[in-house]
Amino acid sequence: MNWKAFKSFNALIVSFVVAGVLIGVLLAAQFQSSVAANSFIVDEINAQKELLASFDEDRVSLKNTIADLRKKIEDNQAKLQLTADQAKLDTLETLRQELGLTKLRGSGIRIKFWENSNDKSASNEANLIHAADLRDLINLLRTAKVEGISINGQRITPNSTVNALGSEILINKVKVVSPYEITVVGDTELIANRLSDQQSYPDLYNRIKNKQVGFEIEKMNLAVLPIYDGDYLLKYVQI
């Protein structure tokens, strides 16, 4: 046999063997790579499914929490509405009392205020009670934070008028004459103290001292003020 040909043949066989080994290694590597890739995708899909399941559970939990919170909000709003409505009713009732639209009852004081002379001449003016006297007395009583005042059955309100028409006095446009009975609802001690303070109404007490007018104070366990029946000036009202 030719030695050169034999050597070439052996080299060819070795080349085929090496090529086969390389091909086997590449196929094994590709197979392992495919298995790993496929396994990663499966794991990722499973993780996504678990995450979705977790999201569903959280969504249900949050939905229930939101429903509970809405119920609490509705309940609190209902309670607040009831409180607000009651506060409005209380405010309305207070305004009605201040405007004299309801009878007013409570402890208070009755004041009797009268003229000591039947002589209505100008020379005897000091013996007369004027509209200004009643207005001053009303203002004095208001400093005692009284709840209500009436004079001869006429309820005194912020809208009341006390005017003179000649020698006559009109309260709420109704004629009133001496003796004047003034009924007051409020703190009897405070009212009595204000009325007893001669410095607050010196002219009145000077005339009482000189017996030009009469003045008496009587405490009452129950004083009743009538409903205001005068006119109201509806100013700035829009309809």
Enquirer: Do the side chain of Asp197 and the main chain of Gln199 share a donor and acceptor less than 3.5 angstrom apart?
Expert: yes

Enquirer: Atom CG in Leu165, atom NZ in Lys173: separation rounded to 0.5 Å?
Expert: 12.5 Å

Enquirer: According to a 4.5 Å side-chain heavy-atom criterion applied to Ile, Leu, Val, Met, Phe, Trp and Tyr, with indirect links allowed, do Ile109 and Val213 form part of one hydrophobic cluster?
Expert: yes

Enquirer: Are the side chain of Thr188 and the backbone of Gly108 linked by a donor-acceptor contact shorter than 3.5 Å?
Expert: no

Enquirer: Step by step, would you call Asn172 with Gln154 a side chain to side chain donor-acceptor pair (under 3.5 Å)?
Expert: CA-CA 7 Å; Asn172 297 333; Gln154 290 298 314; 3.3 Å; yes

Enquirer: Are Tyr180 and Ile169 close enough, and set up right, to give a side chain to side chain contact (heavy atoms under 4.5 Å, CB included), and what steps lead you there?
Expert: CA-CA 11 Å; Tyr180 301 100; Ile169 297 177; 3.3 Å; yes

Enquirer: Looking at Ser200, is its backbone amide N or carbonyl O close enough to the side chain of Arg194 to form a donor-acceptor pair, meaning the two atoms are under 3.5 Å apart?
Expert: no

Enquirer: For Arg105 versus Leu222, what's the shortest heavy-atom pair and its separation?
Expert: CB-CD1, 4.0 Å

Enquirer: Rounded at 0.5 Å granularity, tell me how far OG in Ser150 sits from CD in Glu181.
Expert: 7.5 Å

Enquirer: Do side-chain atoms of Ser196 reach the backbone of Asn193 as a donor and acceptor pair under 3.5 angstrom?
Expert: no

Enquirer: Counting C-beta onward and ignoring hydrogens, is there a side-chain heavy-atom pair between Ile138 and Val162 closer than 4.5 Å?
Expert: yes

Enquirer: How many angstroms lie between atom CZ of Phe113 and atom CG of Leu134, to the nearest 0.5 angstrom?
Expert: 6.5 Å

Enquirer: Any sub-3.5 Å donor-acceptor pair from Tyr228's side-chain atoms to Thr102's backbone N or O?
Expert: no

Enquirer: Taking CG in Asp75 as the centre, count heavy atoms belonging to other residues, nucleotides or ligands within less than 6.0 Å. Is the count above 12?
Expert: yes

Enquirer: Salt bridge or not between Glu168 and Lys175? Use side-chain N to carboxylate O under 4.0 Å.
Expert: yes

Enquirer: To the nearest 0.5 angstrom, please state how far the OG1 atom of Thr143 sits from the CG atom of Leu190.
Expert: 7.5 Å

Enquirer: Could you check whether any side-chain heavy atom of Leu104 comes within less than 4.5 Å of a side-chain heavy atom of Glu147, counting everything from C-beta outward?
Expert: yes

Enquirer: Mind running side chain to side chain contact (heavy atoms under 4.5 Å, CB included) on Thr161 and Ile171 for me, showing each step along the way?
Expert: CA-CA 6 Å; Thr161 56; Ile171 298 179; over 6 Å; no

Enquirer: Are Ile182 and Met220 connected, step by step, through hydrophobic side chains (Ile, Leu, Val, Met, Phe, Trp, Tyr) whose heavy atoms are closer than 4.5 Å?
Expert: no

Enquirer: For Arg110 and Thr183, indicate whether the former's side chain and the latter's backbone hold a donor-acceptor pair under 3.5 Å.
Expert: no

Enquirer: Would you say the side chain of Val146 lies within less than 4.5 Å of the side chain of Val185, judging by non-hydrogen atoms?
Expert: no

Enquirer: Rounded at 0.5 Å granularity, tell me how far CD in Gln198 sits from CG in Leu204.
Expert: 9.5 Å

Enquirer: Please report the closest heavy-atom contact between Arg142 and Ile156, naming both atoms and the distance.
Expert: NH2-CG2, 3.6 Å

Enquirer: Looking at every heavy atom in both Glu115 and Ser178, which two are closest together, and how far apart are they?
Expert: N-OG, 3.0 Å

Enquirer: Judged by atom type as modelled, is there a donor-acceptor pair below 3.5 Å linking the side chain of Asp187 to the main-chain atoms of Glu189?
Expert: yes

Enquirer: Donor-acceptor pair, Asn152 side chain versus Val176 backbone, under 3.5 Å?
Expert: no

Enquirer: Do Ile217 and Ile208 share a hydrophobic cluster (ILVMFWY, side-chain heavy atoms under 4.5 Å, transitive)?
Expert: yes

Enquirer: At what distance, to the nearest 0.5 angstrom, does CG of Leu137 lie from CD1 of Ile151?
Expert: 7.0 Å

Enquirer: Say whether, by atom type as modelled, one donor and one acceptor occur between the side chain of Asn139 and the main chain of Asp136 under 3.5 angstrom.
Expert: no

Enquirer: Taking Arg155's backbone N and O only, do any of them form a donor-acceptor pair with Ser160's side chain (distance below 3.5 Å, no angle check)?
Expert: yes

